[in-house]
Amino acid sequence: MDITNELKHGKRRAIARAISIIENDDKAARALVKKIFKDSGKSITIGITGPAGAGKSSLIDKISLDLKKRGYKPAVLAIDPTSHITGGAILGDRVRMTESTDSGTYIRSMASRGATGAISWAVRNSIRVLEYAGFDPIIIESVGAGQTEIEISKITDITVVVFNPNTGDNIQTIKAGLTEIGDIYLVNKSDLAGANQLFDAVREYIGMTGKNPTIMLTSTKSSKGIAEFAKKLEALMSSKKKTKKTQEKSRLETELRDIVLNNIKVKVGTMLDSSSAYAKYLKKVQSKELDPSEAADKITRLIK
């Protein structure tokens, strides 16, 4: 059954079915993406990342409501890095976003299942489903875990990094690799002790980087900084719309390369599993007759 007509009219059940297809059924997903691909790449995407407990879900709840008041139609994809079987974080996201859900914001949780490449593929195509259903902007929430936030920053137009004063390793997190990805850095839960010190630390480590990001204090409890954050997001969205076509071309090139390289990796892996030459050189490595690099060079030369 073709669900694209229902998708085009923003029917929630059709959207849920389509994203489930993207996550679970490779053949059906390819057929669906083929139908909607031409209409993709128009919505602004906003990645919101940061450590667990930073208050991202509550922040997204507030900002979605503010964006709706400004005439936008936001949707949220929440990436859950835990097992899709336990679903713990998924339920938490839904509970914390009740206000925006009640006002009509579409919220969907997706399990990362531990594979960053799979995140890119599933999220990219889920974004296309939401675009086709008329949502703009599309907010991607991810817990700052390992490579996930870098992946998300590569497939979104705007990246927001959220910290809070309760996370003791925040300064180490700041040093560890989030300094280049953010357009906006938020010190959330700013009503808590230590917020100003953390704000100063973020400004010191990140404020002077080439990207010249915005650094703000916010609190969903007191609504401090929420309106200012929404205004900054709106200005960035307007600016990104102007360069969206160029950005989309670059992003599609990256996506195509990712898929080709992944296909080659799978193909080569299958070849190695049935290769007598690989088995022979593996034994030589295991018996220390050859080192792994030398053996790999010999095996690689045999692949055609």
Side-chain angles (χ1 to χ4, degrees), residues 1 17-38 40-41 47 49 77 79-90 108-129 140 142-156 176-178 180-181 248-304:
M1 180 182 163
R17 270 188 59 213
I19 294 177
S20 292
I21 287 169
I22 295 297
E23 284 193 285
N24 302 312
D25 189 334
D26 186 55
K27 190 176 178 182
R30 287 179 180 225
L32 175 60
V33 171
K34 192 173 182 178
K35 287 175 183 173
I36 67 175
F37 178 70
K38 280 189 178 179
S40 68
T49 189
L77 284 175
I79 313 282
D80 175 17
T82 63
S83 165
H84 64 291
I85 297 167
T86 62
I90 291 176
R108 170 69 178 237
S109 295
M110 299 179 69
S112 71
R113 305 178 193 188
T116 52
I119 288 175
S120 294
W121 193 90
V123 173
R124 278 165 171 153
N125 287 313
S126 296
I127 287 169
R128 288 176 177 132
V129 166
I140 318 295
S142 80
V143 171
Q147 186 68 14
T148 311
E149 66 272 297
I150 309 297
E151 288 268 329
I152 296 302
S153 72
K154 286 178 182 175
I155 59 176
T156 54
L178 295 179
E180 295 302 321
I181 67 169
E248 178 71 357
K249 284 181 180 178
S250 171
R251 210 164 271 156
L252 286 170
E253 181 186 358
T254 301
E255 181 176 3
L256 181 60
R257 284 180 68 90
D258 284 352
I259 294 169
V260 169
L261 289 171
N262 188 62
N263 287 352
I264 291 169
K265 184 180 177 182
V266 170
K267 191 174 180 180
V268 170
T270 304
M271 285 170 59
L272 293 179
D273 288 341
S274 59
S275 167
S276 57
Y278 175 74
K280 181 182 78 174
Y281 283 115
L282 175 60
K283 282 183 179 175
K284 289 191 175 186
V285 170
Q286 289 171 334
S287 64
K288 305 290 177 78
E289 288 178 56
L290 287 176
D291 69 80
S293 294
E294 188 180 358
D297 286 343
K298 291 179 184 296
I299 293 164
T300 305
R301 283 195 284 270
L302 296 172
I303 295 172
K304 293 178 182 177

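Excluded from the calculations below are hydrogen atoms, water molecules and symmetry mates; all remaining heavy atoms, backbone and side chain alike, are included.
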S.K.: If you take all heavy atoms of A277 and L302, which pair is closest and at what distance?
M.R.: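 Result for this residue pair: CB-CD1, 3.6 Å.
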S.K.: Going from CG on D26 to CH2 on W121, what distance comes out if it is rounded to the nearest 0.5 angstrom?
M.R.: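 With rounding to 0.5 Å, CG (D26) is 5.5 Å from CH2 (W121).
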S.K.: Are F37 and L252 close enough that some pair of their side-chain heavy atoms sits under 4.5 Å apart?
M.R.: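 Touching, per the 4.5 Å side-chain cut-off.
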S.K.: Please examine the side chains of K284 and K298, heavy atoms only from C-beta on, and report whether any two atoms are closer than 4.5 Å.
M.R.: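 Side chain of K298 against side chain of K284, heavy atoms only: no contact under 4.5 Å found.
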S.K.: Can you check whether I264 reaches V260 side chain to side chain, under 4.5 Å on heavy atoms?
M.R.: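 Sidechains of V260 and I264: in contact.
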S.K.: What distance do E255 atom CD and K154 atom NZ have between them, rounded to the nearest 0.5 Å?
M.R.: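 It is 13.0 Å, given to the nearest 0.5 Å.
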S.K.: Would you call V33 and R30 a side-chain contact if the rule is heavy atoms closer than 4.5 Å?
M.R.: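 The answer is no, as the side chains (C-beta and beyond) never meet within the 4.5 Å cut-off.
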S.K.: Say you draw a straight line from CG of D297 to CG of D291; how long is it, rounded to the nearest 0.5 Å?
M.R.: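 The CG atom of D297 sits 8.5 Å away from the CG atom of D291.
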S.K.: CG/L77 to CD1/I127 distance, rounded to the nearest 0.5 angstrom?
M.R.: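 If I round to the nearest 0.5 Å, the distance is 6.5 Å.
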S.K.: Return the minimal non-hydrogen interatomic distance between A122 and I22, and the atom names on each side.
M.R.: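 A122 and I22 have their closest heavy atoms at O-CG2, 3.6 Å.
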S.K.: List the atom of I19, the atom of S126, and the distance in Å for their closest heavy-atom pair.
M.R.: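 Nearest pair, atom of I19 first, then S126: CG2-OG, 3.7 Å.
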S.K.: Roughly how far, to the nearest 0.5 Å, is the CZ atom of R251 from the CG atom of D258?
M.R.: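 Reported to 0.5 Å precision, the distance equals 12.5 Å.
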S.K.: Test your reading of the model: is there a side-chain donor-acceptor pair from S275 to the backbone of M271, 3.5 Å cut-off?
M.R.: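 Pair absent, no side-chain N/O of S275 close to backbone of M271.
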S.K.: When you compare the side chain of I299 with that of L272, does any pair of heavy atoms fall below 4.5 Å?
M.R.: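 L272 vs I299: side chains touch.
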S.K.: Looking only at heavy atoms, what is the nearest atom pair of I21 and A29, with distance?
M.R.: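 Taking I21 first and A29 second, the nearest heavy atoms are CG2-N, 3.5 Å.
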S.K.: Tell me the closest heavy-atom pair linking R108 and S20, and the distance in Å.
M.R.: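 Residues R108 and S20, closest heavy atoms: NH2-OG, 3.0 Å.
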S.K.: Could you state the interatomic distance from CZ (R17) to CG (D25), rounded to the nearest 0.5 Å?
M.R.: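 With rounding to 0.5 Å, CZ (R17) is 11.0 Å from CG (D25).
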